[in-house]
Every structure is written in C-alpha cells, then in structure tokens.
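Data block below; observations after.
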Amino acid sequence: MSEISKAYEPQSVEEKWYDFWLKHGCFTADPARVSATRPAYSIAIPPPNVTGVLTMGHVLNNTIQDILARKARMDGKEVLWLPGTDHAGIATQNVVEKTLKKAGEIKHRDDLGREALVAKIWEWKEKYGGIILKQLRALGASCDWSRTRFTMDPEYSRCVQGVFVDLYNKGLIYRGKRMVNWCPASLTALSDEEVVMKEQKGFMYHFRVEVVEHPGTFLTIATTRPETIPADTAVAVNPKDPRYQHLIGKHVIKALPLDVPKEQRVIPIIADEHVTFDFGTGVLKVTPAHDKADYEIGLRHKLPVIDVLTPDGKMTAEAGADLAGLDRFVARKRSAEILEAAGALDKAEPYVNNVGFSERADVPIEPRLSEQWFLKYPSVEASKACVAQPGSAGFQPASGATEHAAKMAALPGQMRFFPDRWAKVYDHWMGGIQDWCISRQLWWGHRIPVWYRGTETYCGLMAPEGAGWTQDPDVLDTWFSSWLWPFATMGWTGDKAEDAKNATLKAFYPTTDLVTGPDIIFFWVARMIMAGHEWMGEIPFRNVYFTGIIRDKQGRKMSKSLGNSPDPLDLIAKYGADALRFGVMRAAPLGQDVLFDEQTVELGRNFCNKLWNACRFRQMVGTGGQASSLPVSAGFQPADEAPDPAIRLGACASEVASKPAVLSEDTQAEIDPALLTADDRWVLARLDQAIREVTQAMADYKFSDATAALYRFFWSEYCDWYVEASKAAFYGSDEKHKANKLAVMDFVLGHLLRLFHPFLPFITEELWHGMGFSADMPVDQGGTTLMFAPWPKAFSADEKAYFGLDDTADQVAQAKYDLVSLGRGLRRDCKIDPAKKVKFVLRPAGDLPPAEVEVVKLLLNAETVEVVAPGWIPEKGTPVAANTLGELFLPLTGLVDYAAERERLGTELEKI
RNA sequence: GCGAGAUUAGCUCAGUGGUAGAGCAUUCGCUUCACACGCGAGGGGUCGCAGGUUCAAACCCUGCAUCUCGCACCA
C-alpha cells in the first residue's frame, strides 16, 4: 500500500514502465500474428545519423511516430516500428577525423590510410554510435528494438551493392567526366541536393581587354571571380547584340596571367545565346573549367579547358606566378589588385550574388570537372504517378478513418502526402529530375563494387577472378543506401525466391506511414519511392506525414551553432517525457513550423499533474478518505517475472465479460442508468463528443487538434464542471447516487486514460494500474497493459439509449453551469467577498429537482439557494442573471453598504 | 523569375458561409478539504488592405501589400 503523492513525479514512473513494456515484449512485432482480424501496421523510422544525439526535431518526429504506433496497437493492429541508424558518410568521417586530430593522433587522414581510418570509425561507432536510440527510449518510443538496423550492417551493405550492380547492368549507372559540385573542404563531389544557395556579399569587377584585331579598342567585362581569368578560354557576346556583332570572330588578349606573353593569352570572341544583353556589360568571360554554364558554352564551341584550381581550392601554377598557391579567395583580391595596377580595372562595385555552399562543410562549392559515377533514376514515371496530387480526381482531403480507409482501398498504389501541398513540390522535382552523382571521395561508406584492370571494367558483388584488378576507391552517397530503407531493413535480398519466403516483408511491406521533415523530400522520400517501385514493384509507404521545422521563440531554426536548441533530455529530466510529448504535440499543427518555447512543456507537465490529481480525487471519494492518507494502489511495482508475452494479446478481454448485452466492451456495467443525473448525462455526452473529435483528428494526422480536444474535455469540462458538481453528491448522503457517480467517474477516467495513452504513455500506464483498471487481470499475474487496451469507441445508438443520451441530454446541466457562471459574475459585480457565503434566490423556468439545486448551491459557494415560485417578486434593484434554466437573484440586503457602493459608482461614472 | 505558405487578442495559433475562439501573458480576487503545476471572475480583436459574390464573408472570388520558405538563376 502506498499513497499517491500530491504532485505527479514522472522520474519515478517512466523508467519502470519502459522496462516493463520491454520485458513483456510489447514492442516486438510478429508477422505470424498478422491476420484478417489483426491487420499489420508498420513504420520505418527515419534513421538518425549514427553519430547523432537527440534534438527537438527528433522529439517532434518520433513522438508522432510513437503516437501512431501506439494508437495502431490499441486499434488491435500488429505493429512494427522499425528503428535504426544511418552511417552518414561525410558527417561521421568528419567527426571521427576531427576527434583524432584533436587528440593529436593524426594530422591528416593519410597518416592512417584508408583501412586504418575506417577501422577507427567502426571502433568509434561501436563505442558511441546509437546513443540516440537509447535517448529515444527516454522519450517512450515503442520501437521494435530487436530489429534495429544500421545502413552498414553486412546484410544491408549487400543490398546496397546488389542494387548498384543491378542498375549498372540495366545501363542506368554510368561513369563520366562531368561538371560536379565539388566541396574543397571535404574533398569530395556532392549531389545537387547537397548544395544550398546563399547570398554572398562581394564585388562585381569591371575590367578591360584589348581587341587584337583593333588595337586601341577595348571590351569591358564584368565578373565576380577575377581569379579565374587565367582559366578563360573565350569571351562571349550575344549574337544579336548590335554593340558587339562586328567583333564576333575577332580576338582579345586575356588580362591575366601577366607573366605569360601576350601572344599566348589570345582568346576568341564567340557568340552564344546564353549571354544576356543587359546583364553586366553584355560581355561574358568564358571559364569552362570553373562554371557550369561556361562549361556548356565550352562544349558548344569546342573550347579548351584550363583548370587553375586545386581540389582544395588553391590556385595552380597555370594561374601564373602572381597567384599560384594562393587560396581562391585571397587570389580573388590579389587578381583585382593586379588588374588595377595594370590599369585594366574600371571599377569594383559592391555586389550581392547567390553562391552554392556545401551543406555539410558550409564552404562555397566549386564547379569542378571530374570523373564520377552517375545514376539515371529508375521508375521515374511510376513514382511520379503514384502520389495523389491535390485537386486531382483521386484525391480528397483527409477527413476520417473510414473515408481514408475506403480511399486507400479504392486507389491501390496511391500514396498521400500530408499536408497535400508537398505533393506539388514532389511532382515539380520529379518533372525536372537530373541524374544523380552517387560517388563520393570518402572512405566511410559502401565502396563502389567496380574493379578496373587496364581498360577493363568489372561490376559485381565480389572482386573478379584473376590478378591485377583494383577496386574503385570511391564510396557511395549515403542516400544511395538510405533509399532502400523501408525494405532493406526488413531483410530484403533481391532474390525473388528468397524474398517470397520473408514473412516480415510479406506482412509489413509496404509500410503504412512515413513521418519525416519536408527538407529531405528529395534526398530521401522521392528516392525511396523510386527504389520501392524499382525493386519491390510497389510504393514503399501509404501515407507520408511531413512535420514542420522546430524553431525557437524568435522563429529561428534550431541549430547547434546558434545554441538555441534545448537538450530534450534536460527537458525530460525536468518535466517528464509525457510533458515534453504533450507540449510539443500541442504546439505542432499539421505541416506548420513549430515555434518552440519551454513554456509549452511546462504546460504539459501541469497537464499531467492535473490528470494525476483528478485520479487522486477519484481515489479519495472512492475510499471516503482524506487526500493526505490515501490507501491506494498507485505507485505499485510490476512483478519481476515476465509472463508469457502472448497473454498481452488478451489484454482487457476480461473487461468484456461483465457487460450487459446491449453495451460494447468499453462500457462498464456498474452504471445504473436510472440513477444518472443531468450532470452525469452531460459528462457522458461530452465524452462521446471528445472520443469522436480525437479519433477524427488522429485519422487526419491533426495531433494538435487531438490534444486540444482532450485538453478541453478533461480540464474544462470534466474537471472544471463535472468533478466540482459531483462534490454535491459526495458530500451528501445518498449512497446509491454516490456509488453511481463513482461508476460514471471510472467510466470517464477509463476512457480518458486510453484516449491519452498514445500521447502520454507513462502517466496513463501508471494510473491505469494504480486506479485498478487492470485489476481484472493484475499485471503480476500475467498482465494487461494499457498499451493493448482497446481504443475507445464513440457511443452506439444502443449505448446512447442505455444512458438516456438524446440530442438534448447535455442541455439541462449546461444551462445550470452557464447560470452558475452568471451568478459568480453577479457576486463579483457586487464586490462581494468570495469567502463570504451568500444567499441566492432561484426562480426556475420549469421543474428543478432539489439535487440540481444542491449542485447550483455548491458551485456558487452559496449559503443557500432558495427556490421560489414563479409569482415571486424580488425587491426592486436586485441583481439578476437569467437563462433558459431560470432567473438567479442575489438579494443584497445586509450584504452591501449602499452608501459606499453609491459613492464608488459615482466616482467610476465621473472617471468615464 | 516560377511556385508554395502565412497575415485573426500582447505572444503562439485554432477557426472554410450564420451572434469572433484556445493556451500563454495580463488585471482583479481566492492557503474553498484532488490539484497554487491550482480555483473563480474579467479586460483585450472594425479577423493585412481594396473591391466583388451573397439575405449573410475571418471564411468564397479578384487585385494589392507585407513576411517566410522552396525551386531556378546572369557572368
């Protein structure tokens, strides 16, 4: 026996229940249990970086997934939430390299060499990797940890390489020398998606070059990158530009490098449509080695390519003695100075332009010509077609479980995005899809399964027979492994016969929901859809929920560098995981960015505390005891011995047995409908409404709406009115009504705990047991857990009839509560001390049972509420409040000092 | 340039045709026997602007303004 403490203390509760769930195998999915009556539900977690730690973004994302998973379990589904981590190529290699450098172990990765460094990274991964998965447990995430995957697991790696070989054999993968985005910091190629455009302040330099054929005639060229002048191989103008037409085909002398004789610096003036008249001077310097557009001009005009930059962004000898060896940005300034000194610089005006930055290393990328592997995306058409577009014939906005289910059944192969506007973004990108540069000049990752010997090339899973073969040194883009996530994590092999025997794939693929951020819609979501079609022949998930981005109070994106991201673990320690979950969900409407404020977690904590105390109150009135000495069962400890996990499937089965035939399994039998008061019917009607709203909101993925509905029902309706009104019965003497009210409370709380469970798993489980809702089958005897209790259903017609709930069932009590509010207003208006008990007079519009009057009296904190006949006439000027229930008078005789009041009103009037 | 989203109370946001809502903040008052992580009562908004449709518009239509974010990009 223990007491429920006055305030809820999550710290003592959360770990206990998480261990309990784990021990009982509550999170493990078994394909053998899937059947027509027990459908499968699956989610593949967006794998966090193996080096990562939990951020607020993860909290948002994984709370939503956990809510979906827990709700699905309560709906009687077999749930697989598949967790894992991503090897995150560049990020992880950077972290480990940096750590080694800091520790003084190496100066450069070459000090260790490839094998040794990769071994170090594995070592590091084993030691520190997956911290984030442990942190997710603190949040309550109900992942099937027995299936945890890593993108570099041996089986997973085989999938990645197998897919490469398959695409190679299909002719979709090719190697070629192309202009790619090169990161001078990470020394690797990047895909277009890894480049972010940023505004950069710089200068637009205008400099002159002399036309060879017309000495004394000069062309002025505008450029932001004078350091690349030595790499220019032409000057281009628009063929229709009248200013320059006569010069086409003539030549100019390049301004740099100065140490090369003029004759060797002669380049042609060419005509190309790409040049715009009104930008700059209308004359473009063409640098095929260092600009994507220029490279294409170069191809069109067969221009030579001069590369003046090293991989790490320094000038080569070809840039001339003045610049050689300088960093590209230093060289920019230097070259401008040289031009100026030579009298060739007209002006340098401040200029803002967009420059591509490496997303990871945060340095400007260089367009660079290099030998890379590219992928022509597979299954593009099918992938484009399978996502329902807003406004299209097949698409209806989400509006409910039934309709949703019907829609999915009616549209095989269709996916839906929430919010649907992302479908347009997706469609747009798919429409202009470009080949994907998949090779990376890194060591940490899946090595490209291609070997070379002289001019021979071999692509396969294993090194070819024979001597002299060397494997391609590059690894694959991390996303080239992530795009297989939904099925590679389920043990997919690519071998048809083998996969046909895979029960997990059969039961759980395609997954039901994907929850992720819109920032990786191209990186990940689109590519997974294509991979799904290409290798599984169908979509990888049915619904994609795009979360918003977590921002701070000022609307800034939360980031490590800004230091504006609170540590979720600190918040959990301070407020509890439930509070964090509830707060974040409350603040996160579908598809909207979340302005996060710690206050919202505080609110969540307050909410949990309120729930805790509402249950404490039920315990107190149930035992007739005082709150300070409650002999209750909360705080109880589950038994150590784990019972047969299969028993959990029978959870709440015993609940069904004791019901009248007319009621569903959710309904408690102890309620005697004949004894229900107006308040009881009111709260039951409101509960019914809340069940409808919450269920609907969840079907629409509107979690903030769901929490708002729950908040309103529990706090503003159940606590503020029903519980308060119930005190009239509990402090009264009618034992029969008292018992019935307890039954109603149990009924409401039993439903509430279930409705809250997906959002607040810990406190609800604690109370479910502490309140004795699992008493039919105590946990330590083989146990029920709230996790598998059935999701509440809105009342059926029979149930409504049983409780006497018609459309107006809640109106009497509602009118009563409204009148009470008005009455309290009267007290205030009359400046009556709240502590003072006063006498109200009630002239009811119809019949009003004495019990109802008692409730009014209690809620008004009145000394008496005298019920008078319709003919009763109040003293002139008596304050009155009226509604459909009747008129409530507050006779002031003896309460108010009229003279003082008159004076007060007088001064107030003057003021106005 | 193309596209999307936003604009409602001091703040953050709900609200898709019928008398303006929530939480927080704020004011006043309460150690009322579940809860001060609480209770009660208030104050506060011509719903960005201008037209239009309608008996009726925060909501539908058309412009405009401002902000945010994608995509593309001119050296």
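Below, chains carry the letters A, B, ... as their sequence lines are ordered, and counting in each starts from 1.
- When Watson-Crick and G-U wobble pairs are counted only if both distances are under 3.5 Å, B:A65 pairs with B:U7.
- Side chain of A:Arg527 to backbone of A:Ile521: no donor-acceptor contact under 3.5 angstrom is found.
- To the nearest angstrom, C1' of B:C37 lies 11 Å from OH of A:Tyr711.
- Of the candidate nucleotides B:C37, B:A4, B:A75, B:C37 has the atom nearest to the side chain of A:Ala7.
- A distance of about 27 Å separates the C1' atoms of B:A14 and B:U53, rounded to the whole Å.
- Taking atom P on both B:C59 and B:G52, the two are 14 Å apart, rounded to the nearest angstrom.
- Ionic pairing of A:Arg368 and A:Glu366 is not present here: no N-O contact between side-chain nitrogen and carboxylate oxygen is shorter than 4.0 angstrom.
- With a cut-off of 3.5 Å on both pairing distances, the Watson-Crick or G-U wobble partner of B:C71 is B:G1.
- Residue A:Asp720 places its side chain closer to B:C39 than to any other of B:A34, B:A75, B:C39.
- The base of B:C37 lies outside donor-acceptor range of the side chain of A:Lys610, with no N or O pair under 3.5 Å.
- Nucleic acid contact for A:Lys574: none, since no nucleic acid atom lies under 4.0 Å from a heavy atom of the residue.
- Phosphate contact (OP1/OP2 of B:C39, side-chain N/O of A:Trp715, threshold under 4.0 Å): present.
- Across all strands, A:Cys608 comes closer than 4.0 Å to no nucleic acid atom at all (heavy-atom distances).
- Regarding A:Arg712, its CZ atom lies at a distance of 14 Å from the P atom of B:G21, rounded to whole Å.
- To the nearest angstrom, C1' of B:C74 lies 11 Å from CD1 of A:Ile297.
- Nearest nucleotide to the A:Arg824 side chain, out of B:G40, B:C71, B:A34: B:G40.
- For A:His301 against A:Ala271, the heavy-atom pair with the smallest separation is CE1-O, 3.1 Å.
- Using P as the reference atom, B:C60 and B:G1 are 27 Å apart when rounded to the nearest Å.
- In this structure, A:Lys292 does not reach the B:A75 phosphate: none of its side-chain N or O atoms is under 4.0 Å from OP1 or OP2.
- Here B:G23 is the nucleotide among B:A75, B:G23, B:C37 with the atom lying nearest to any side-chain atom of A:Leu603.
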Report task. Please step through side chain to side chain donor-acceptor pair (under 3.5 Å) for the pair A:Asp679 and A:Tyr817, ending with a clear verdict. Result -> CA-CA 10 Å; A:Asp679 302 281; A:Tyr817 303 149; 2.4 Å; yes
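- Side-chain atoms of A:Arg421 lie closest to B:A4 of the nucleotides B:A34, B:A4, B:C71.
- Figure legend: A:Arg686 and A:Trp721 shown without cation-pi pairing, the cationic atom not lying both under 6.0 angstrom from the six-membered ring centre and within 45 degrees of its axis.
- Among the atoms of the strands shown, none is found under 4.0 Å from any heavy atom of A:Val286.
- As the counterpart of B:U19, no nucleotide is assigned, since no Watson-Crick or G-U wobble pattern has both distances under 3.5 Å.
- B:A22 and B:A65 have their P atoms separated by 35 Å, given to the nearest Å.
- In this model, no side-chain donor or acceptor of A:Asn609 finds a partner on the base of B:C35 within 3.5 Å.
- Atom P of nucleotide B:C24 and atom CD of A:Gln599 are separated by 9 Å, given to the nearest angstrom.
- For B:C28, the paired base is B:G40 (Watson-Crick or G-U wobble, both distances below 3.5 Å).
- Ring orientation note: the planes of A:Tyr701 and A:Phe418 are tilted relative to one another, at an angle of 30° to 60°.
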Query - Test log, rule side-chain contact (heavy atoms from CB on, under 4.5 Å), inputs A:Leu284 and A:Val235 - result: CA-CA 6 Å; A:Leu284 171 68; A:Val235 163; over 6 Å; no
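- For A:Phe582 and A:Phe607, the gap between ring centers is short of 6.0 Å.
- Note: CD (A:Glu693) to C1' (B:A22) measures 13 Å, nearest angstrom.
- In this structure, the CZ atom of A:Phe417 is 17 Å from the P atom of B:A4, given to the nearest Å.
- To the nearest whole angstrom, the two P atoms, one in B:G10 and one in B:U46, are 8 Å apart.
- Salt bridge absent: A:Glu273 and A:Arg300 never bring a charged side-chain N and a carboxylate O closer than 4.0 Å.
- Across A:Phe417, A:Trp524, A:Phe522, a single residue satisfies ring-ring contact (aromatic ring centres under 6.0 Å, His included) together with A:Tyr426, and that is A:Phe417.
- Here the P atom of nucleotide B:A75 and the CG atom of A:Leu303 are 20 Å apart, to the nearest Å.
- Between B:A34, B:A75, B:G23, one nucleotide has an atom nearer to the side chain of A:Phe279 than all others, and that is B:A75.
- A distance of about 11 Å separates the C1' atoms of B:G43 and B:A9, rounded to the whole Å.
- Residue contacts shown for A:Met197 include a base, since a base heavy atom lies under 4.0 Å away.
- Across all strands, A:Glu724 comes closer than 4.0 Å to base atoms (heavy-atom distances).
- Heavy-atom distances to RNA chain B give each of A:Glu602 and A:His274 a nearest nucleotide, and the one nearer the 5′ end belongs to A:Glu602.
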Report task. Start with the C-alpha gap between A:Arg712 and A:Gln689, add the side-chain angles, then the distance that decides, and say whether side chain to side chain donor-acceptor pair (under 3.5 Å) holds. Result -> CA-CA 11 Å; A:Arg712 191 208 61 230; A:Gln689 176 69 19; over 6 Å; no
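- Closest to the A:Asn354 side chain, of the nucleotides B:G23, B:A75, B:C73, is B:C73.
- For the P atoms, the distance from B:G45 to B:G21 is 14 Å, rounded to whole Å.
- Close to B:A75, at under 4.0 Å from its OP1 or OP2, lies no side-chain N or O of A:Lys285.
- Nucleic acid contact class of A:Thr276 (heavy atoms, under 4.0 Å, all strands): base.
- Taking side-chain N and O atoms only, A:Asn606 has a distance below 4.0 Å to OP1 or OP2 of B:G38.
- In this structure, A:Tyr295 atom OH and B:C74 atom P are separated by 17 Å, rounded to whole Å.
- Contact between the side-chain N/O atoms of A:Tyr351 and the OP1/OP2 oxygens of B:C74 is not found at any separation under 4.0 Å.
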Query raised in the report: What does nucleotides 9-20 of chain B look like as a protein-contact string, B for base, S for sugar-phosphate only, - for none, at under 4.0 angstrom between heavy atoms?
Result: ---SSS------
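- A sub-4.0 Å separation between OP1 or OP2 of B:A41 and a side-chain N or O of A:Ser821 is present.
- Spacing of C1' atoms, B:C13 relative to B:A20, comes out at 15 Å, to the nearest Å.
- Within 4.0 Å of A:Ala222, counting heavy atoms only, lies at least one base atom of the nucleic acid.
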